[in-house]
2 protein chains.
Amino acid sequence: MAHLQRHMVVTRRKVRAGQYLYRNGQPFRALHFVHAGFLKTCELSEDGREQVTGFRMHGDLLGVESIGLGAHTCDAVVLDDAEIWELPYPLVLDALQRIPELQVRLAAALAEEIRRDRVWMLVIGTLPAEQRVAAFLLDLASRLARLGFSARHFILRMGRADIASFLALKHETVSRALSHLEKLEYISVLRREVRLLDIPKLRACVGTPCTLQ
Amino acid sequence: MAHLQRHMVVTRRKVRAGQYLYRNGQPFRALHFVHAGFLKTCELSEDGREQVTGFRMHGDLLGVESIGLGAHTCDAVVLDDAEIWELPYPLVLDALQRIPELQVRLAAALAEEIRRDRVWMLVIGTLPAEQRVAAFLLDLASRLARLGFSARHFILRMGRADIASFLALKHETVSRALSHLEKLEYISVLRREVRLLDIPKLRACVGTPCTLQ
DNA sequence: CGAGTAGTTGATGTTAGTCAATTGACGTGG
DNA sequence: CCACGTCAATTGACTAACATCAACTACTCG
């Protein structure tokens with residue numbers, strides 16, 4: 001998080017589920033701070049292929065990937081009614097001038113984004129389907145925990161198809177992986193309601209020492 | 001490219017093939033501008049899995065993913081003898097203060113990195129093996145072309161295993177894909193020497209209109 | 001020259017994808 | 001309120017793509 005929203009006047013914008021916050025090709029005029037709600041970002045190809053590249057929630061900054069360009073290069077789709085704080089890009093540039101510390105914070109936020117993406121490349125490149133799904137659940141859980149929500153019990157805001165796209169799988173495969181993790185009693189899952197029953201075992205299966213909980 | 005190296009004293013460093021430029025966990029002290037040579041970056045997991053996240057050549061800036069941290073979070077391995085210009089991070093911060101334009105350039109360079117990574121997520125998430133390999137060759141070709149080298153004829157600086165890791169495949173699959181593209185007469189390949197014989201057809205098979213050449 | 005490494009290719013195995021049927025939730029309008 | 005249509009999710013049967021294992025070749029470098 002870049003703390004940018006503390007140093008300028010922001011426009012608060014409510015966006016309903018199903019709406020686009022911005023779309024590929026639209027002019028890039030602002031960064032967007034997610035104050036509430038839930039979104040996904042999608043990369044698009046010329047021939048209509050689509051890849052979910054991430055899920056965003058409170059505290060996340062959207063649109064940074066378009067810095068230096070005139071237009072957005074991906075879609076941001078609201079999955080759960082959101083309140084977005086718009087940080088007009090000219091004001092951002094202003095603030096960066098006035099408060100030198102912000103420069104470093106912004107660069108750090110961008111760098112963190114790169115690191116996050118690369119960790120997912122590692123997950124997708126080296127783990128089989130079920131373990132990717134486990135990694136996804138653990139990531140979601142730890143992000144929710146950082147916001148003060150329960151890490152053990154939560155509602156998925158996205159459909160199986162979105163999870164599948166993000167993990168480079170098909171939705172049937174995600175569904176089977178969830179069912180199997182349930183049979184192992186690592187989780188319980190009913191439609192979009194998820195409970196993590198055995199976090200250490202989940203973490204073991206994605207090859208990381210248990211730090212969450 | 002961030003033009004940073006034009007605004008400060010840089011240390012020039014020769015690094016031989018096989019050496020690490022930096023390793024996961026080492027203190028982060030500088031950004032690295034690739035003046036010559038060829039490198040790969042690798043993301044590592046706690047349990048020893050490894051993922052190649054990119055290949056770098058002249059004009060690329062390395063280490064940006066560690067901005068905001070005290071230590072590097074990945075490995076940078078030299079594949080072909082390199083000359084690296086070190087930009088000590090304190091001097092970078094200095095320059096950002098002195099030359100406000102650089103802030104924007106650095107942020108833009110970081111944003112470009114994010115966009116690049118996301119395009120590869122799209123490739124890996126939506127294209128089958130052979131088309132990933134075609135996309136890889138076309139990307140390499142266009143980067144070489146931008147540097148004034150031939151886009152139609154070049155030497156791969158990395159092994160099949162590195163290409164495979166980058167594309168989330170196995171090295172045998174890459175080998176077969178290359179052989180098949182050769183049988184189709186889209187390319188010719190002998191060990192590491194590659195010729196692109198039919199760029200439009202290669203581009204068609206990755207689903208992008210033909211812009212290269 | 002000989003060992004070691006990188007690449008290719010073939011045979012076989014496994015995982016995830018495809019296709020299809022079914023169930024359950026939700027929303028609308030009769 | 002219930003019937004209906006729609007959409008999301010699950011599950012099964014089958015298939016295809018890629019991985020695995022193994023043999024072999026050809027460079028590379030002491």
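To find a chain, count down the sequence lines: A is the first, B the second, and so on, and within it residues start at 1. Keep in mind that what you see is a predicted model, and the values were worked out from it rather than measured.
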S.K.: Can you confirm whether more than 12 heavy atoms, excluding those of A:Arg29, are under 6.0 Å from its CZ atom?
M.R.: no
S.K.: How close or far is atom P of C:dA16 from atom CG of A:Leu127, stated in whole angstroms?
M.R.: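 Taking atom P of C:dA16 as the reference, CG of A:Leu127 is at 11 Å.
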S.K.: Could you state the CG-P distance from B:Leu190 to C:dA6, rounded to the nearest angstrom?
M.R.: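 These atoms are roughly 17 Å apart.
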S.K.: OP1, OP2 of D:dA26 versus side-chain N and O of B:Arg191: anything below 4.0 Å?
M.R.: no
S.K.: Rounded to whole angstrom units, what separation is found between the NE2 atom of A:His171 and the C1' atom of C:dA16?
M.R.: 13 Å
S.K.: Below 4.0 angstrom from OP1 or OP2 of C:dT8, is there any side-chain N or O of B:Arg160?
M.R.: yes
S.K.: Would you call B:Arg143-B:Asp60 a salt bridge at under 4.0 Å N-O?
M.R.: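 A salt bridge links B:Arg143 with B:Asp60.
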S.K.: Quick check on C:dT9: is either OP1 or OP2 less than 4.0 Å from any side-chain nitrogen or oxygen of B:Ser175?
M.R.: no
S.K.: What is the distance, to the nearest angstrom, from the CZ atom on A:Arg132 to the C1' atom on C:dA16?
M.R.: 9 Å
S.K.: Atom CD of A:Glu193 and atom C1' of D:dA9: how far apart are they, to the nearest Å?
M.R.: 15 Å
S.K.: Mark yes or no for a side-chain to base donor-acceptor pair under 3.5 Å between B:Glu172 and D:dC18, with no hydrogen or angle criteria applied.
M.R.: no
S.K.: Which nucleotide sits closest to the side chain of B:Arg176: C:dG10, D:dT10, D:dA13?
M.R.: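 The listed nucleotide nearest to B:Arg176's side chain is C:dG10.
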S.K.: Please report, rounded to the nearest Å, how far the P atom of C:dA16 is from the NE2 atom of A:His180.
M.R.: 12 Å
S.K.: When you look at A:His72 and A:Glu65, which way does the side chain to side chain donor-acceptor pair (under 3.5 Å) test go after all the steps?
M.R.: CA-CA 8 Å; A:His72 286 288; A:Glu65 70 284 339; 4.6 Å; no
S.K.: Nearest to the side chain of B:Leu169 - D:dC21, D:dC18, D:dA13?
M.R.: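 Of all the options, the side chain of B:Leu169 is nearest to D:dC18.
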S.K.: Using a cut-off of strictly less than 4.0 Å, decide whether B:Thr173 has a side-chain nitrogen or oxygen near OP1 or OP2 of D:dA17.
M.R.: no
S.K.: Atom CD of A:Glu182 to atom P of D:dA9: distance rounded to whole Å?
M.R.: 15 Å
S.K.: Under 4.0 Å, heavy atoms only, any strand: does A:Leu178 hit a base, just the sugar-phosphate, or nothing?
M.R.: nothing
S.K.: Give one of base, sugar-phosphate or nothing for B:Arg192, where a contact means two heavy atoms less than 4.0 Å apart.
M.R.: sugar-phosphate
S.K.: Separation of A:Ile163 atom CD1 from D:dA8 atom C1', in whole Å?
M.R.: 12 Å
S.K.: Can you tell whether the side chains of B:Glu112 and B:Arg116 come within less than 4.0 Å, N to carboxylate O?
M.R.: yes
S.K.: Between B:Arg118 and A:Glu113, does at least one N-O distance fall below 4.0 Å, as a salt bridge requires?
M.R.: yes
